[in-house]
Protein chains: 2
Amino acid sequence: MTVLQIRLNDNLSLKDPQSTELGEKIIRHSIPLIDQLGFEGFTFKKLSVKMESTEASIYRYFENKHRLLVYLISWYWAWLDYRIEYDTHHLADPLQKLDQALRLITEKKIQDNSFPDVDEEALARIVVAESDKIYLTKQVDEDNKEGLFRGYKSLCKNIARFVKEVNPEYPFPHALVSTALETANQQIFFAEHLPSLTEMSEVDDPYKRNYEFIRSIIFNAINREG
Amino acid sequence: MTVLQIRLNDNLSLKDPQSTELGEKIIRHSIPLIDQLGFEGFTFKKLSVKMESTEASIYRYFENKHRLLVYLISWYWAWLDYRIEYDTHHLADPLQKLDQALRLITEKKIQDNSFPDVDEEALARIVVAESDKIYLTKQVDEDNKEGLFRGYKSLCKNIARFVKEVNPEYPFPHALVSTALETANQQIFFAEHLPSLTEMSEVDDPYKRNYEFIRSIIFNAINREG
DNA sequence: AAATCGTTGATAGTATTACTATCAATTATC
DNA sequence: GATAATTGATAGTAATACTATCAACGATTT
């Protein structure tokens with residue numbers, strides 16, 4: 001098995017958690033804990049108890065719990081970005097590339113053995129429930145200046161490139177893709193918790209339904225214009 | 001001028017803030033304060049100082065600050081719902097009704113003199129930045145059982161009805177409308193803070209652009225199917 | 001082998017938050 | 001004029017989100 005590492009912006013952490021045992025322990029334990037407690041209920045104190053270390057030690061890696069969340073979500077986006085690249089570069093038809101990207105965005109995530117410290121299934125649940133919180137803050141502009149959202153932007157840009165290849169005249173490629181990315185998670189959340197807001201809940205495989213929904217929106221939007 | 005009142009679910013507050021002076025003071029002062037500080041920075045202590053009352057008094061109206069936020073956002077949705085009803089009931093063509101609804105959802109909100117205690121402009125900014133937080137919590141299912149999200153669901157259902165009238169065969173009316181509602185706010189946020197995720201930022205009137213974007217998505221989605 | 005450096009653990013401390021409780025003063029209602 | 005409800009004033013508490021200090025330990029350098 002290849003030893004891969006997802007490379008992230010240095011500003012996300014004070015010290016690269018992927019470089020030490022303790023750092024990896026933080027990643028390994030924070031994912032199931034945030035998944036269980038929700039981000040509001042999660043604290044560094046609880047994490048330190050779970051991983052048998054101390055609050056002070058965790059603060060040496062992450063300025064605060066918000067930064068840790070941004071780190072985890074950024075990891076997820078970079079991971080997705082990499083998988084899309086990996087699964088589309090052999091395709092010639094941009095429409096097929098776009099379709100494959102939408103498939104990967106919407107599919108139910110399962111464990112990726114290349115990254116044993118990350119429980120991707122739990123992380124995907126965190127992304128559904130918490131990802132918007134990383135930028136819906138008063139410090140969004142400062143955080144953005146530090147490059148904390150580069151992963152999400154890169155993912156958006158890469159898929160938008162497929163859209164442009166399919167139809168160079170379409171006027172909203174980035175808006176369309178950011179909408180697709182947000183909707184992919186939102187509708188899954190609605191299906192589980194607010195089912196009257198969606199049709200995804202009516203069927204045994206909401207992920208497949210969601211893919212069909214988003215695919216139809218995107219393809220119709222692109223083909224009609226230009 | 002008619003004296004109107006937006007009727008909301010009783011569970012949103014311990015005591016109806018629209019029924020007393022103090023209650024209206026809470027509404028009047030909390031909107032600009034949350035707008036300024038963001039929901040995380042906002043506290044009942046700060047609000048009590050601003051409105052020259054006490055924390056204890058505020059707690060007699062709202063169980064906690066989360067409930068107050070849900071109350072304000074619910075008010076906004078009910079207000080929008082009412083305005084859509086008001087501005088579409090005279091139209092015969094469902095396509096025109098839908099179009100008018102999308103216009104109202106996406107347009108820049110200005111002061112509505114029917115409700116002097118509510119600064120709709122500030123409230124609209126709160127909705128953009130904070131509305132997702134009212135359901136992205138661990139207590140979403142309990143809150144939902146209490147009916148706290150009825151306003152949003154009703155709005156979604158009413159617009160979805162227009163979609164169904166336009167094309168009864170379209171398989172995702174609610175998902176489409178909830179996507180439109182979320183996107184309406186999201187793209188405005190992106191335009192201001194993460195402009196590389198959208199094209200709305202490139203133009204002098206992002207609201208109009210956003211309307212065109214969402215309109216084209218919705219209409220193309222509906223017309224292609226069925 | 002000794003000195004030094006960096007990492008972690010252990011402990012303590014602080015301001016703020018998110019409440020809850022109590023009681024007196026005031027106001028509205030019967 | 002009595003009484004009930006509302007508000008204000010004050011106090012208190014557990015938890016949170018940190019910051020600071022210092023000792024212990026292992027690895028690296030000289």
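Order of the sequence lines fixes the chain letters, A, B, ..., with proteins taken first and strands second; residue numbering starts at 1 for each chain. Any value given below was found using the heavy atoms of this structure, including those in side chains, with hydrogens, waters and symmetry copies removed.
- If you take CD1 of I26(A) and C1' of dT7(C), they are 12 Å apart, rounded to a whole angstrom.
- Using modelled atom types, one side-chain atom of K46(B) and one backbone atom of G41(B) make a donor-acceptor pair closer than 3.5 Å.
- Atom P of nucleotide dA18(C) and atom NZ of K65(B) are separated by 4 Å, given to the nearest angstrom.
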Does the pair F213(A) and T183(A) meet the rule for a side chain to side chain contact (heavy atoms under 4.5 Å, CB included), with working shown? CA-CA 10 Å; F213(A) 169 61; T183(A) 301; 3.9 Å; yes
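- Note on T43(B): every side-chain N or O is 4.0 Å or more away from OP1 and OP2 of dT16(C).
- Counting any heavy atom pair closer than 4.0 Å across all strands shown, K45(A) reaches no nucleic acid atom.
- For an aromatic pair to be called close, the ring centres must be under 6.0 Å apart, and F62(A) with F44(A) fails this.
- Within 4.0 Å of F62(B), counting heavy atoms only, lies no atom of the nucleic acid at all.
- Between I58(A) atom CD1 and dA17(D) atom P the separation is 12 Å, expressed in whole Å.
- Taking every side-chain heavy atom of A56(A) into account, dA20(D) is the closest of dA20(D), dG9(C), dA9(D).
- Across dC19(C), dC18(D), dA9(D), the shortest atom-to-atom separation from the side chain of Y59(B) is found for dC19(C).
- Here F44(B) lies out of heavy-atom contact (under 4.0 Å) with every strand.
- In this model, the phosphate group of dT8(C) is not approached by any side-chain N or O of S57(A) to a distance below 4.0 Å at OP1 or OP2.
- Of all heavy-atom pairs spanning S201(A) and A191(A), the tightest one is CB-O, 3.5 Å.
- Rounding to whole angstrom units, CG of residue L68(B) and C1' of dC19(C) are separated by 15 Å.
- The separation between N64(A) atom CG and dA15(C) atom C1' is 17 Å, rounded to whole Å.
- Across the protein-nucleic acid pair, L22(A) atom CG and dG26(D) atom P stand 16 Å apart, rounded to whole Å.
- The phosphate of dT7(C) (OP1 or OP2) has no side-chain N or O of Y61(A) nearer than 4.0 angstrom.
- A donor N or O paired with an acceptor N or O is not found under 3.5 Å between the base of dG6(C) and the side-chain atoms of R60(A).
- Among the heavy atoms of the strands lying under 4.0 Å from K15(A) are primed sugar atoms or P, OP1, OP2 only; no base atom is included.
- For T20(B), the listed nucleotide lying nearest its side chain is dT7(D); candidates were dA17(D), dT7(D), dT17(C).
- The aromatic rings of W75(B) and W79(B) sit parallel, their planes meeting at an angle under 30°, below the 60° perpendicular limit.
- Distance, K25(A) NZ to dG9(C) C1': 11 Å, rounded to whole Å.
- Between R67(A) atom CZ and dC18(D) atom P there is a gap of 11 Å when expressed in whole angstrom units.
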